[in-house]
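All values below come from the heavy atoms of this structure, side chains included, with hydrogens, waters and symmetry mates left out.
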Amino acid sequence: MDRFDKAYQDYLSNGSGGETHLENTDGMRITAVRKNDDGDLIAFQTNTGEELDYLQALEAAKNGSLSGIDVFQKYGRDIIRSEPDGTKENNLDHLPEF
């Protein structure tokens, strides 16, 4: 097991890791994404038409402005992801690109 697998397993075992989810009060949600050449998510478009860079989306998720998004800490940094609901189609990686 390499160090990345071990860190992920430790994260799963501890059940903490800084996961955050605040309830959204205005209904803003991510409807499209932009990826870089490596396939990393770098920007997000919301149902209100707003375009957010990664840090803006991270902050909006932390303060509860985005619905369906969780913030968690992995390998020492905050990461956003879709709330796990068993539906692959609404995962950030599967949303249309803008």
Side-chain angles (χ1 to χ4, degrees):
M1 177 182 302
D2 69 18
R3 69 183 178 100
F4 297 112
D5 288 330
K6 183 178 178 342
Y8 186 68
Q9 291 305 315
D10 289 345
Y11 161 74
L12 291 177
S13 297
N14 293 332
S16 58
E19 190 164 331
T20 303
H21 176 70
L22 299 174
E23 198 60 39
N24 174 344
T25 58
D26 67 1
M28 188 166 67
R29 67 185 185 286
I30 293 173
T31 57
V33 297
R34 180 167 294 156
K35 298 178 182 181
N36 64 15
D37 292 339
D38 292 329
D40 300 318
L41 298 170
I42 60 169
F44 307 89
Q45 187 174 54
T46 69
N47 61 319
T48 63
E50 191 172 357
E51 294 181 0
L52 307 172
D53 63 35
Y54 197 92
L55 293 175
Q56 292 170 318
L58 184 61
E59 199 56 40
K62 283 182 178 180
N63 70 29
S65 298
L66 285 173
S67 66
I69 300 297
D70 285 335
V71 176
F72 70 105
Q73 192 171 62
K74 188 173 182 181
Y75 307 126
R77 66 175 182 216
D78 289 336
I79 297 173
I80 62 174
R81 67 172 180 192
S82 304
E83 283 183 342
D85 62 2
T87 305
K88 195 175 192 176
E89 292 75 29
N90 67 2
N91 290 350
L92 295 176
D93 275 339
H94 291 93
L95 292 177
E97 293 192 41
F98 71 99

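With L58 as the partner, the side-chain contact (heavy atoms from CB on, under 4.5 Å) test is satisfied by one option alone out of D53, N63, V71: V71.
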For side-chain contact (heavy atoms from CB on, under 4.5 Å), just list the numbers for Q45 and I30, CA-CA rounded to whole Å, side-chain angles, deciding distance to a tenth of an Å, and then say yes or no.
CA-CA 6 Å; Q45 187 174 54; I30 293 173; over 6 Å; no
Let me see the working for L92 and F44 under side-chain contact (heavy atoms from CB on, under 4.5 Å), right down to the final yes or no.
CA-CA 9 Å; L92 295 176; F44 307 89; 4.2 Å; yes
With side-chain contact (heavy atoms from CB on, under 4.5 Å) as the test, would you mind laying out the steps for F72 and I79 before giving the verdict?
CA-CA 5 Å; F72 70 105; I79 297 173; 3.8 Å; yes
side-chain contact (heavy atoms from CB on, under 4.5 Å) between D93 and K35: does it pass, once the steps are laid out?
CA-CA 9 Å; D93 275 339; K35 298 178 182 181; 4.1 Å; yes
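Side chain of D38 to backbone of D40: no donor-acceptor contact under 3.5 angstrom is found.
Between N91 and S82, the shortest heavy-atom distance links the atoms CA-OG, 3.3 Å. Nearest heavy atoms, E83 versus D70: CG-OD1, 3.5 Å. Shortest non-hydrogen contact noted between Q56 and E51 is OE1-O, 3.9 Å. Closest approach of I69 and A61 over heavy atoms only: CG2-CB, 3.6 Å. Smallest separation of non-hydrogen atoms from T46 and L66: CG2-CD2, 4.1 Å. Looking at every heavy atom in both residues, L95 comes nearest to E89 through CD2-O, 4.2 Å.
For the atom pair CD1 of I42 and CZ of R34, the computed distance is 6.5 Å after rounding to the nearest 0.5 Å.
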